[in-house]
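Below: the structure, in structure tokens.
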Amino acid sequence: MTTLSYDKVEVHKSLCEKIRRAAARAISEGDPWKKYNIQSIPAERVVRHCYNPTTRQFVKDETIVKVEKEPFTHGAMRHCYRMKKMATPPQSASNHRFHSYGWSRALNYVAKCYLDENGVPDTSREGSDAVLTDIILQYEAAHWANEFNKSDPPRKIDFIRAYAMEFVDRPGKPMFAVERFIAGSDSYGNGFLKHNTNSGYVDLETRRKTPQVFSAHSFYASHGERLVADIQGVGDLYTDPQVLSIDYRFGDGDLGPRGMALFFKTFRHCDMSDLLGIPIFPLSRNERRHQAKYDEDESTLSEESSLEELIKCKFQRLDANRQKRKSVLMRPIDMNSEHKADTARRSNLSVISTTIRQSFAVQKSSKAVIHRSKSDVDEISNCLQLALNDAVFDHRSFHRFESGELKPRRFRTNEGDEPIQENAKSSRYLRSTAVPVKACPPMEISDQTRSNLGKVHYHLACLHGMDRFPEVVPTHEYSNIEDRPSHDIFSVIFHLSHAASLYNVPACLSLARARVRP
């Protein structure tokens, strides 16, 4: 037997053993919903809407379910119900009748419906469309998860399969989003966790790399057209994502290139990013300084509580997050509703250009003029020089040697050059960087990717100009807090220059206006 064949046999044995242990554990634990006696509830006929990502169409079939009449928890926008569904017989079966036996062994599902202004299930066309959009988002995210898994990351990921169910025998035929009930915790003892959002939040407690790197990978794998955010779930099984698109096509939570900019502002390039061939997203000096302030603390494990309370808290967090998706930022599409057909113009509105111009304005004040050091002046000069040349994606952009080999990463450094030493709290994360693995080739940076990267840099400059990141402004340079500017002008120029090097027209115009300003 060859070494390769032996390895395959060992992997197969290991996988079978894991499946056997998981099955034994599931049998021993029993049905977590047994006490609710759902099997005694009358069955209802439903039409299931399954999304086909290849044809981008919904396929319908009919089945029966048993669902509780009252929700077991709710959020600001949706109610959540316990549900059981019998497995649908195969199409080749000659007898398609449903039977009354077996409900106690039926699979557990969670059914969610949107509420109208009166707090009852929304039976309007808008409510049904919202459910169908959620299903499409889940499958869109699953597609990019498959692309991520093809790169052979250290840990594979997946999204829970979801579909819509239309209760055709109820008044108004309400539509529910349905997915399998998932209980338990990951290998570190964590239950349900939110790793990032569509507005730049990144979990700083568990600090898991895989969810963040997946979001970045989805951007480059889609040539900058998509970025999967709002990564949340148990372990590496995720649910309820939000897909950001360059043309705002995925509902109210799709913040477009501005949401992408918020993600990359907080994204930390790491050894896993190098491994998968993801290029480094450039950040300004002050942005990097702000990132370096975070301490490498041990992950905070969730406190012990009942499974039922964990489920309720999970759903309420999901629903509260959905509501925040709509209000976290004003999207350019919302500023100009009269020109909905022109998606290219929507992402480059004059309102945003005005914000950039205002960020360069000298504040009229009786206070002393802010003095700039030589390093400050040199940084501005280097940025402006960068804008005059095309962006280059060479081996340095992927943190590699010219030979293509990965460069070793040092431990996180402070504001000086001395590396922060490994300690007991951070050892779990640092140990993972020492695993020898085969690196993927650098991801392709196409012309489309360059164009979309330019938009992301431009929107990040806009966000700085809109005072979105006051924490980035260095505090030690200003003795009086009143003299401190509201935004970091260096970051504005830095990202405008990178956008200009990627041929972003609004960025070029903004820099031109700044340079000819009297």
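Computed from a predicted model, the values in this text were never measured in an experiment.
- For the residue pair Phe494 and Ser284, the shortest heavy atom distance occurs at CE2-N, 3.5 Å.
- Applying the ring pair (Phe, Tyr, Trp, His ring centres under 6.0 Å) criterion to Phe398, with sequence neighbours excluded, gives no partner residue.
- Under the ring pair (Phe, Tyr, Trp, His ring centres under 6.0 Å) criterion, Tyr201 pairs with no residue, sequence neighbours left out.
- For Phe393, there are no ring pair (Phe, Tyr, Trp, His ring centres under 6.0 Å) partners at least two apart in sequence or on another chain.
- Taken from CG in Asp152 to CG in Leu276, the straight-line distance is 9.0 Å, to the nearest 0.5 Å.
- Contacts of Lys407 classified as salt bridge (Lys or Arg N to Asp or Glu O under 4.0 Å), with partners at least two apart in sequence or in another chain: none.
- Identified under the salt bridge (Lys or Arg N to Asp or Glu O under 4.0 Å) test for residues 442-452, with sequence neighbours left out: none.
- Checked by atom type, the side-chain pair Ser215/Asn196 shows a donor-acceptor distance below 3.5 Å.
- Remark: Tyr139 engages Tyr51 in a ring pair (Phe, Tyr, Trp, His ring centres under 6.0 Å) (not counting sequence neighbours).
- For Ser381, the side-chain contact (heavy atoms from CB on, under 4.5 Å) partners are Val377, not counting sequence neighbours.
- With sequence neighbours excluded, the residues satisfying side chain to side chain donor-acceptor pair (under 3.5 Å) with Glu140 are Trp144, Arg226.
- Between the OG atom of Ser497 and the CD1 atom of Ile380 there is a distance of 8.0 Å, given to the nearest 0.5 Å.
- When ring centroids are compared, Phe281 and His457 come within the 6.0 Å threshold.
- Between Glu287 and the options Thr266, Asp488, Leu460, a side-chain contact (heavy atoms from CB on, under 4.5 Å) holds for only Leu460.
- For Asp122, there are no salt bridge (Lys or Arg N to Asp or Glu O under 4.0 Å) partners two or more places apart in sequence or in a different chain.
- Of all the heavy atoms in His223 and Ser446, the pair that sits closest is ND1-OG, 2.9 Å.
- Between the side chains of His269 and Asp274, a donor-acceptor pair is found at a separation under 3.5 Å.
- Side-chain contact annotation: Asp203 with His195, donor-acceptor N/O pair under 3.5 Å absent.
- In this structure, Ser222 has no side chain to side chain donor-acceptor pair (under 3.5 Å) partners at least two apart in sequence or on a different chain.
- The CE atom of Met466 lies 12.0 Å from the OG atom of Ser486; values are rounded to the nearest 0.5 Å.
- Between Phe148 and Phe214, the two ring planes are perpendicular [angle over 60°; tilted spans 30° to 60°].
- By the salt bridge (Lys or Arg N to Asp or Glu O under 4.0 Å) test, Asp129 is found to be paired with Arg125, residues two or more places apart in sequence or in another chain being considered.
- Arg396 is linked by a side chain to side chain donor-acceptor pair (under 3.5 Å) to Asp394, counting only residues two or more places apart in sequence or in another chain.
- Checking Asn286 against Ser491 by side-chain atom types alone, no donor-acceptor pair falls below 3.5 Å.
- Between the CD1 atom in Ile160 and the CZ atom in Arg180 there is a gap of 9.5 Å [rounded to 0.5 Å].
- Using a distance-only test at 3.5 Å, with no hydrogens or angles considered, no donor-acceptor pair links the side chain of Asn198 to the main chain of Gln242.
- Taken to the nearest 0.5 Å, the NE2 atom of His399 stands 11.0 Å off from the SG atom of Cys270.
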